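The next block holds one structure in the form of C-alpha cells; read it before the comments.
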Amino acid sequence: MPEKRLLDIRNLDAFYGAFQALFGISLHAERGETLAIIGANSAGKSTLMKAIVGLVTTRNAEIRFAGGELAGRPTQQIVREGIALVPEGRRLFRSLSVEENLLVGGHLHRSGPWSLMAIYDLFPVLREKRHQPSTSLSGGQQQMVAIGRALMANPDLVLIDELSLGLAPIVIRDIYAALPRVTAAGTSAIIVEQDTSQALAVANRVYCLRGGRITLEGTPASLTRDAISAAYFGV
Amino acid sequence: MSAPSFHIARSTPESRFALVIGLLALVALVAGPYWIDRNGMRIVGEFLIYLSLASMWNLLAGYAGLVSVGQQAYVGLGGYFLFAWAILFGLPPLLAIPFAGVAGAIVALPVSLLVFRLKGAYFAIGTWVVAEVFLLLAAQISVLGGGSGISLPISVVRSIAESRDGRDMAVYWSTLGVAVAILIGTYLLLRTRWGLALQAIRDGELAAETSGVSVATAKRLLYVVAGAGGAMIGALIFLAKLRISPSAAFSVNDWTAFVIFITVIGGIGRIEGPIVGTFVYFLLRGLLADLGPTYLIILGAVAVGVMLFAPKGLWGLVADRFGWQLFPVGRRLVLDTSASAATSKGA
Amino acid sequence: MEWANVILQGILVGGLYALFATGLSLIFGVMRLVNIAHGDLIVLAAYVALLCVTQTSIHPLLAIFLVAPVMAVAGYGLQRILFNRTLGADLLPPLLVSFGLSVIIQNVLLQIFTADSRKLSAGAIETATVPIFNGLAVGVLPLLMFVAAVAIIAALQFMFYSLPIGRALRATSDDPEVARLMGYDNRHLFGVAMALSLAVVAVAGVFLAVRANFDPALGPSRLIYGFEAVIIGGLGNLWGTLAGGVILGVAQAIGAKIDPGWQLLAGHLVFLAVLAFRPEGLFPKVDG
C-alpha cells in the first residue's frame, strides 16, 4: 500500500545566483489530487516548478516524493523517480516530429497507463499529425504534444507550467477537458495558471503565490473571490 | 530627505599607486640602453612585444568577444610590409613602422567583412584560414625570397644606424614607443563609449544597444585597431630579427598561441591580465625553455588548468580577493557619507 | 582526359576531407562545441595506428578496427573529464581549452615520436588501380577512402534519424535543459557524441597515415580542411559536408595542376568565396 502523501515540500528557498526567488515554501499533494498554483506574473510559480525538478538551486529545502528525498539531486534522477514537468512555453524539440517528441518523453520505459496509443486517444488530433515536424503545429496542439511527452514517462506526478498561456480559448477548453482523464488514469497533477477560473474548476486544492511566498491555501469551495484577489494582488 | 552628496570617481587608491609605479617603470625603461646590457634589452623588447600582442588580443577576445586565432596574419603582414618597404622601395626602415600600422588597418577592414560572417568559434577558425592564406601568398612573392624567406641587406641594416649599439638602441626605443602607445591606446579605447558599451555587452547588460552605440561598429573598430597594432608589432619583430620567412612571420604558435596563453593565464577581460600573464610567461620560459616540447606541454596544461579552475586568470584571483583595480575603465558612484546609502531605498 | 583525371582524384581526396569534417560537424551539431584540437586528434589516431601496426603487424587498414574503439573510449573520457566542464553560455572556455589541448597533443607526439615524418605502408593496395574507361583509372586506396566516407555518413545519418540514441542526441541539441527533464543525462550523451566523433577521427587518421607522410605538426591544417568542408557544405548537413569536402578536394587538385604552390591556396580561396557570396554554405540545413 503506497503512502497517501505523494509530494511534501517543507521550507523551500530558491535562488538565481544571489537573488532569492522563493521564501520558505511549504506545500503538499496527495495521490490522485489535482493542485492549482495561481499567482500573477513573476510571483515565483515557474521557479517553484523548476525547483521541484532540480533545475533551480534550492536551500534548506526538504522535498519528499513518494517517500524519498529529492532536494539536491540532479534533474535526470528526479525525473526517473516519477515527476514530469511540462515547461512554460511548451519547448518541444524543434528538429523532432510529433511522434519523436513523444518517444523521447517515453524513453525511460517506466511502466504505467501511458503509451503512444493512449496519448493519441487522449488528443486524437495528434494521431493525424504524428509524422509532422513539431514546429508546424498550432500553439494548442504543441501544448498537447508537450503534455503527452510528459505523460509518456508514466510519471506519478505531472507538473504543467502555464497551461493556458498564449493559447486560444477553444483549445484551452479541450485541454482542460482532457485533464480529468489524466488523473483518472492515476497520474496526479499540479497546474500552474494565471487564468484562475479554469484552474479552480479542476483543482482539488489551490495555492496562491505572490512575491515568492504562499499567500493562500484551500479548497476552491472554501475560498471567496475577495480572499483570492487579496492573495493574488496583495490588496 | 536631504540630497545625498556624491561624486563620480574613476581612480582608486590602487590605481594611483599603479600610475606612480607605471611612470617610474617607464622612466627606467626609457633609460634602458644606459643600464641594461644587450641581452637584457633583447628580453625587455620581447617582453614589450608580447605584452602588446596580448593586450590587443585581450581587447578582441576579452572585451569584444572576438576570439581570433589568426592575429599572426597581421604580425606577418607588418613584417613583410617592412621588408617590401626597405628592399623593394629603398625607404628608411624605421619609417615603415607607422605605415605598417596603416597597412594593417587597411587590410583588416575588408577581412573583417568576410570573417565577421562567422560566429563564435567558427570566427576563430575563419581568422586562422585568413592567416594561412596570407602565409601562402607571402610564399609566392619571389622578390621577397618566396617560401624560404629573405634577410635584410647589409646596406638597409646600416641605414638604421652605423654601429650595432646604435641599431639596438633604435629598435629598442621604437619597440618601447609602439608598446607604450598600444597599451595607453588600449586603455583609452576601453574608456570611450564604444569600450564601455562592449564591456556592458560582455557583462550581460542589455542596455548597450540602447546607449546609441552600434555594437557591430564597435567590434569592427576594435578588430581594425588590433590589425594595425599587430602589423606595427610585426614590423618591429622582424626589424630586430633582420630576417623573415613565411613560416616565421605567420607562425600561429609564436604570435597567437603564446599570446592566448599569456592572456588566459593572466586574466582575460581585464587590462591587468596581459601584464601579469606576460610576467608569468617569461618566468616559465626562463625556467623551462630548455625542456623543448615538455615546456610547451606544461604551458598548455597551465593554460587549460587556469581556464577550467580559475577562468578569470591569476589576476582575477587576486583582484577578487582584495578588490583591486589598477586600471579603472568604468566610472563608480561614490557616496560621500555613509548615511546617504539609505537613498537607494524607497521607490 | 588529363583534366578529368585531376578532377576525379580531387573528388576522391574530398572523401578524406569529408572524414576530417564529419567528426567536427557532429559535435558542433550536438553541443555547439568547436574542437580546435580536432586535427591533432586525427594525427594522434595516425600515431595510434602506427603503434598498432608495429606492435601487432596487422594490415594498416584493418588497424581501423583497433584504433576506432581506442579513440572512441578516449573521446568519451575527454568529454566527461575535460569538455563537459567547459560547456555553457560562454564560448571562450571550450575554445581555449581545446586550443590548449591542441598544443599539448602536438608536443606530446613530438616528444614521443620526434618531428620525423612517418608513413604506414599498406602494401600492394597502395598502387592498385581500377580502370574506368579510356585509360582513366582510379587508385583502389582513394576509392576505398571515398567509399568509407560515404558509408560513415550514411551510417551516422541512419543513427541520427532512425535510432533512439540519434533521437536523444537531436533532442539534447535542440534544448539541453528540456532533455534533462526527459531523464537524459546530457553529460553522458555529450560523451557518446565525442566518442562517435573520435571513432570517425580514427578512420580519418588511418587513411591519413596510409595515404602520405605524417608528422606531429600536421594537425592544424587538417582541422582547417575539415572546417572549410563544413562551412562550404553548410552547417548541420552531413551530406552537405561530403559535398564540401569534394569541392575542396577538387579545388586543391585544380590549383595544384596549375601550379604546385597554388594547391592549398586554391582550396582556401574557394572557402573564402563561399563565405563572401553564400555564407550559409552551399547546402544549408532546411529547418522545420
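Small disclaimer: the values here were computed from a predicted structure and weren't measured. First the proteins, then the strands, lettered A, B, ... as listed; each starts at 1. Side chains included, hydrogens not; waters and symmetry mates left out as well; all remaining heavy atoms used.
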Among residues 101-122 of chain A, which residues come closer than 4.5 Å to chain C, judged by heavy atom distances? A:L103, A:V104, A:G105, A:H107, A:L108

Please classify the contact between A:L55 and chain C as side chain, backbone, both or neither, with a heavy-atom cut-off of under 4.5 Å. side chain

Flag if over 12 foreign heavy atoms under 6.0 Å of CZ, A:R127: yes

Looking at every non-hydrogen atom in both residues, tell me the closest pair between A:Q76 and C:Y184 and how far apart they are. CB-O, 3.4 Å

Between C:V178 and A:R149, is there a side-chain heavy-atom distance shorter than 4.5 Å? yes

Is it the case that atom CZ in C:F65 sees more than 12 heavy atoms from other parts of the structure closer than 6.0 Å? no

Taking atom CZ as the centre, does A:R130 end up with more than 12 heavy-atom neighbours from other residues, nucleotides or ligands that are less than 6.0 angstrom away? yes

The interface call for A:R91 against chain C, heavy-atom contacts under 4.5 Å, is both

Can you tell which part of A:T75 gets under 4.5 Å to a heavy atom of chain C, answering side chain, backbone, both or neither? both

Closest non-hydrogen contact found for C:Y161 with A:E100 is O-OE2, 4.0 Å

Under 3.5 Å, is there a donor-acceptor pair between the side chain of C:R170 and the main chain of A:S95? yes

Can you establish whether the number of heavy atoms outside A:R10 located under 6.0 Å from its atom CZ is more than 12? no

CG on C:D175 to CZ on A:R94, rounded to 0.5 Å: 10.5 Å

Quick check: closest heavy atoms across A:V79 and C:R180, and the distance to 0.1 Å? CG2-O, 3.9 Å

